[in-house]
Amino acid sequence: MFPVDTAIGAGNRLFSVSRGVPGDTRSIRVTTYDLESQFFGTFGGFGEGDGQFIWPSAIAIDSAGNVYVSDEHKHKINVFTGEGIYTANWGDYGEGEGQLNGPSGLAFDSEDNLLVSDHRNHRVQKFNRDGQFISAFGVEGSGSGQLSLPWGVAVDSNSDIYVADWGNNRIQKFSAEGEFLRSYGSTGHEDGQLINPSGVAVDRDGYLYVSDWGNERVQVLSKDGDFVAKLRGQATVSKWAQDFLDTNVEEAEARANSNLEPDLTPFGGDPHEESSHTEKFFWGPASVKLDAEGRLYVTESNRHRIQIYQRAT
């Protein structure tokens, strides 16, 4: 329940980390599965112990297949094998070099260094795979190169770094050394504008895919920052959802009698209201990821699902 991020492993095995709901911690875990809805198990779980989470926030996989999960509450990075066996954790609370305050987005660069979006320290830090500090960039603010509650982070084929600058309603691009290069987007609801972007991914042609969380959509921007397209969501019933409906007859009847695509006019263009009343729409798009075939994975928190898209050729 309430997945916040997804990582793509070898053979397109998917790892989704979920945050659960207050009062029900059973779904705070990592779930592993594939595109055919084959289920491989879960690992992690709620708690203060090694390999357990309180507020998991992001997930990434290194070149050896090890799985890294950030914990925003414990200010730590947890490390597992690809089979979900806990191996290590690292991170200390604070503002100094290598310390963390609410780690969120994670991404590996081409040298297997882990970039961590250090959310409440308003910066991005780089560590090696063993958690040794390498460098950091960003300070709190709204100027070029400054950050406000950064969340998702991504690395392109040129090793440039993209940061979802949540509080400043933009995406910022930095060099591998942390030098500011440019920003994308501005505050608003129009095409190309953003409200609290939560994630970013970049394909081999330089197109940016942004989970525009506050606008309940995903936007596609060119490498020059021009608006290309937007997605509102087109979800169908998954195999797991159909199994649930087949088993829970009353739920299936309620859904069958519901208007799943209501007239949006009464909602006055409010994206949250539109999404909360329209089943196929994104509702809480928390992150975006791309696989080697260019498929786009949108982790959608409020409807507990992943929507997958193939770029048109």
Do the side chain of [X] and the main chain of [Y] share a donor and acceptor less than 3.5 angstrom apart?
X	Y	answer
Gln146	Ser142	yes
Asn128	Gln132	yes
Asp62	Asp112	no
Gln52	Gly49	yes
Gln172	Gly145	yes
Gln219	Gln193	yes
Asn257	Glu253	yes
Asn113	Lys126	no
His119	Gly102	no
Ser175	Glu177	yes

Would you say the side-chain atoms of [X] and [Y] include a donor-acceptor pair closer than 3.5 Å?
X	Y	result
Glu300	Gln307	yes
Thr265	Asp263	yes
Ser159	Asp109	no
Ser16	Thr31	no
Tyr86	Asn78	no
Ser104	Ser57	no

Can you tell if the side chain of [X] reaches within under 4.5 Å of the side chain of [Y], non-hydrogen atoms only?
X	Y	answer
Leu100	Asp92	no
Val200	Val163	no
Ser63	Arg129	yes
Ile54	Ile28	no
Trp90	Val79	yes
Asn12	Ile8	yes
Val69	Val30	yes

Atom of [X], atom of [Y] and distance for their closest heavy-atom approach:
X	Y	answer
Phe282	Val218	CE1-CG2, 3.9 Å
Ala107	Val153	CB-O, 3.5 Å
Gln125	Glu97	OE1-C, 4.0 Å
Arg303	Thr278	NH1-O, 3.3 Å
Ile61	Val67	CG1-CG2, 4.2 Å
Asn215	Pro271	O-CB, 3.4 Å

Kindly say whether the aromatic ring centers of [X] and [Y] come within a distance under 6.0 Å.
X	Y	result
Phe53	Phe46	no
Trp151	Trp213	no
Phe137	Phe174	yes
Tyr68	Phe108	yes

To the nearest 0.5 angstrom, please state how far the [atom1] atom of [X] sits from the [atom2] atom of [Y].
X	Y	atom1	atom2	result
Ser70	Asp5	OG	CG	7.5 Å
Ser148	Asn168	OG	CG	5.0 Å
Phe15	Thr42	CZ	OG1	12.0 Å
Leu14	Thr6	CG	OG1	7.0 Å
Asn101	Gln99	CG	CD	10.0 Å
Leu290	Leu296	CG	CG	5.5 Å

Q. Tyr209 and Val202: side chain to side chain contact (heavy atoms under 4.5 Å, CB included), yes or no, with the steps?
A. CA-CA 6 Å; Tyr209 301 79; Val202 187; over 6 Å; no
Residues, nucleotides or ligands: over 12 heavy atoms within 6.0 Å of [X] [atom1]:
X	atom1	result
Tyr207	OH	no
Glu250	CD	no
Glu190	CD	no
Phe40	CZ	yes
Gln242	CD	yes
Trp55	CH2	no

Q: Apply the test salt bridge (charged side-chain N to carboxylate O under 4.0 Å, His left out) to residues Arg13 and Asp34: give CA-CA distance (whole Å), side-chain angles for both, the deciding distance (0.1 Å), then the verdict.
A: CA-CA 5 Å; Arg13 181 170 293 195; Asp34 64 16; over 6 Å; no
Q | Shared hydrophobic cluster, Phe2 / Trp283 (ILVMFWY, side-chain heavy atoms < 4.5 Å) | A |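 No.
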Q: Would you please test Met1 and Ser18 for side chain to side chain contact (heavy atoms under 4.5 Å, CB included) and show each step?
A: CA-CA 6 Å; Met1 293 179 67; Ser18 296; 5.7 Å; no
Q: Starting from the C-alpha separation in whole Å, work towards a yes-or-no answer on salt bridge (charged side-chain N to carboxylate O under 4.0 Å, His left out) for Asp205 and Lys223.
A: CA-CA 8 Å; Asp205 296 319; Lys223 61 183 177 180; over 6 Å; no
(Q) For Tyr184, does the six-membered ring have the charged nitrogen or CZ of Arg182 within the cation-pi criterion, i.e. under 6.0 angstrom from the centroid and within 45° of the normal? (A)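 Relative to the ring axis of Tyr184, which defines the angle, Arg182 lies inside both limits.
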Q. Would Arg295 count as a cation-pi partner of Tyr309, with NZ or CZ less than 6.0 Å from the six-membered ring centre and within 45° of the ring normal?
A.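 No, Arg295 does not sit over the ring of Tyr309.
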Q | Electrostatic pair Lys230-Asp191, nearest N-O below 4.0 angstrom | A | yes
Q. Using 4.0 Å as the upper bound for N to carboxylate O, is an ion pair formed by Arg217 and Asp212?
A. yes
**Q.** Pairs involving residues 67-90, ordered by first then second residue, that meet salt bridge (charged side-chain N to carboxylate O under 4.0 Å, His left out) (sequence neighbours left out)
**A.**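 For residues 67-90, and leaving out neighbouring residues, the salt bridge (charged side-chain N to carboxylate O under 4.0 Å, His left out) pairs sorted by first residue read Arg19-Glu72, Glu72-Arg120.
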Q | Where at least one partner belongs to residues 264-280, residue pairs that pass salt bridge (charged side-chain N to carboxylate O under 4.0 Å, His left out), sequence neighbours excluded | A |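 Every salt bridge (charged side-chain N to carboxylate O under 4.0 Å, His left out) pair that includes a residue of residues 264-280, provided the two are not neighbours, is Arg232-Glu274, Arg255-Glu279, Glu261-Lys280.
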Q: Evaluate the side-chain hydrogen bond (donor to acceptor under 3.5 Å, both in side chains) criterion for residues Ser287 and Ser211: first the C-alpha distance (whole Å), next the side-chain angles of each, then the deciding distance (0.1 Å), finally the verdict.
A: CA-CA 6 Å; Ser287 84; Ser211 49; over 6 Å; no
